[in-house]
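Right, one structure below, let's go through it.
Letters go in sequence order (proteins before strands), and every chain restarts at 1.
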Protein chains: 2
Amino acid sequence: MKIHVLAQKTGLTPPTIRYYEKEGLLTIRHVVRGENNYRDYTEEAVEHLQFIKRVQKVGFTLMEIKAVMEEKKGSKLEISRSIELLREKMIEMDSRKLELEQAQALLSRMLANKRALLKEKG
Amino acid sequence: MKIHVLAQKTGLTPPTIRYYEKEGLLTIRHVVRGENNYRDYTEEAVEHLQFIKRVQKVGFTLMEIKAVMEEKKGSKLEISRSIELLREKMIEMDSRKLELEQAQALLSRMLANKRALLKEKG
DNA sequence: ATAAACTATAAAGTATACTTTAAGGTCAAG
DNA sequence: CTTGACCTTAAAGTATACTTTATAGTTTAT
């Protein structure tokens, strides 16, 4: 499929998709070039970009995503490294959940204060 | 207290603290100037910077923090705006927790795959 | 066949949140 | 009374993740 189709399917823009490719987040499994030099994307690209969006939202940088990505082809050492990275990230995500809950408690108190303030004034 | 003391207490650096001030995140309640033009921080500044760190970690931008900050002095309209912002943020944080959990499930599967791969090879 | 809509590249620009640099003033210790 | 550790400012630099711009080739529709 062409870039704008992939863009529609993933909710990204063509420049963003090209940027990701430039940064090494898309491989031969995701894009090839046609005769006209246009990019031709596989179905795997759709899933892959959705994966990127999802983990990026929870705090992975593009470089971390790239590091974790190197899957099938990796040597034992590379796999071990990405397991290590994944484990660290899981722990990081646990603390992030905790931080979120603590911050929510904090904001909830602020919200109550502000509502009280508004009642006072209004 | 002087800037490096505040820095130690909060785990920030003096340039970062000055930067926050420049961006309007510190007020008269947090800093005043001494005769020598040195900044003199109140205890409230410690708490405030800790607050900033905490909510920033969960996705607030500095400008959002600034918007929520305007507390005591706010007009009814300003209070209403910051209540609205806080409510949006609470909802956003709920989805973020969900995203975290979904991403963890995803990573957990990836981790299992990689471990299996390692076992195969090793 | 020509205009609109798409594709390509490289390079510059943007936003956020800092950090670093440069150049200088102030203060405490020996 | 000077040395070293602090303080000040303004401005430039950095990292991340894009977006925008400029320039040009290709495809699709009428």
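- Sorted by first and then second residue, the ring-ring contact (aromatic ring centres under 6.0 Å, His included) pairs involving residues 22-56 of chain A (not counting sequence neighbours) are H30(A)-H48(A).
- Taken residue by residue, residues 45-55 of chain A places no heavy atom nearer than 4.0 Å to DNA chain D.
- Residues Q56(B) and I65(B) form a side-chain contact, since some pair of their non-hydrogen atoms from C-beta on lies under 4.5 Å apart.
- Closest approach of L100(A) and R96(B) over heavy atoms only: CD1-CG, 3.8 Å.
- Sorted by residue number, the members of residues 11-19 of chain B with any non-hydrogen atom under 4.0 Å from DNA chain C read T13(B), P15(B), T16(B), Y19(B).
- Using modelled atom types, no side-chain atom of E101(B) and backbone atom of L98(B) make a donor-acceptor pair closer than 3.5 Å.
- Qualifying side-chain contact (heavy atoms from CB on, under 4.5 Å) partners for K57(A), counting only residues two or more places apart in sequence or in other chains: E99(B).
- Here CD of E88(B) is found 6.0 Å from CG of L85(B). Values are rounded to the nearest 0.5 Å.
- Formation of a donor-acceptor pair under 3.5 Å by the Q8(A) side chain with backbone atoms of V5(A) is not found in this model.
- Comparing H4(B) and K22(B) by the nucleotide of DNA chain D that holds the closest heavy atom to each, the one mapping nearer the 5' end is H4(B).
- If you take CG on L86(A) and CD1 on I91(A), they are separated by 11.0 Å, rounding to the nearest 0.5 Å.
- Using a 4.0 Å heavy-atom distance criterion, Q56(A) is classed as a sugar-phosphate-only contact.
- By the salt bridge (charged side-chain N to carboxylate O under 4.0 Å, His left out) test, E35(B) pairs with no residue at all, sequence neighbours left out.
- If you walk DNA chain C from 5' to 3' and mark each nucleotide with an atom closer than 4.0 Å to a heavy atom of chain B, the marks span dA17(C) to dC27(C).
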Please output the side-chain donor-acceptor pairs of residues 102-111 of chain B that fall under 3.5 Å, not counting sequence neighbours, one pair per line with the distance.
residue	atom	partner	partner atom	Å
Q102(B)	OE1	R54(A)	NH2	3.2
Q104(B)	OE1	K97(A)	NZ	3.1
Q104(B)	NE2	M90(A)	O	3.2
Q104(B)	NE2	D94(A)	OD1	3.0

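- To the nearest angstrom, P of dA5(D) lies 15 Å from CD of Q8(B).
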Under 3.5 Å, which donor-acceptor pairs link side chains of residues 12-26 of chain B to any protein atom two or more places apart or in another chain?
residue	atom	partner	partner atom	Å
T13(B)	OG1	T16(B)	N	3.3
T13(B)	OG1	T16(B)	OG1	2.9
E21(B)	OE1	R39(B)	NE	2.6

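- By the salt bridge (charged side-chain N to carboxylate O under 4.0 Å, His left out) test, R81(B) pairs with no residue at all, sequence neighbours left out.
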How would nucleotides 24-30 of chain D be written as a contact map, 5' to 3', with B for base contact, S for sugar-phosphate-only contact and - for no contact, using protein heavy atoms under 4.0 Å? -BBS---
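- Residues from residues 84-97 of chain B with heavy atoms under 4.0 angstrom of DNA chain C: there are none.
- In this view, V46(B) and M1(B), L6(B), K9(B), T10(B), E43(B), Q50(B) satisfy the side-chain contact (heavy atoms from CB on, under 4.5 Å) rule, not counting sequence neighbours.
- Checked by atom type and distance alone, the side chain of E64(B) pairs as donor or acceptor with a backbone atom of T61(B) at under 3.5 Å.
- The structure places CD of E92(B) at 14.5 Å from CZ of R87(B), a figure rounded to the nearest 0.5 Å.
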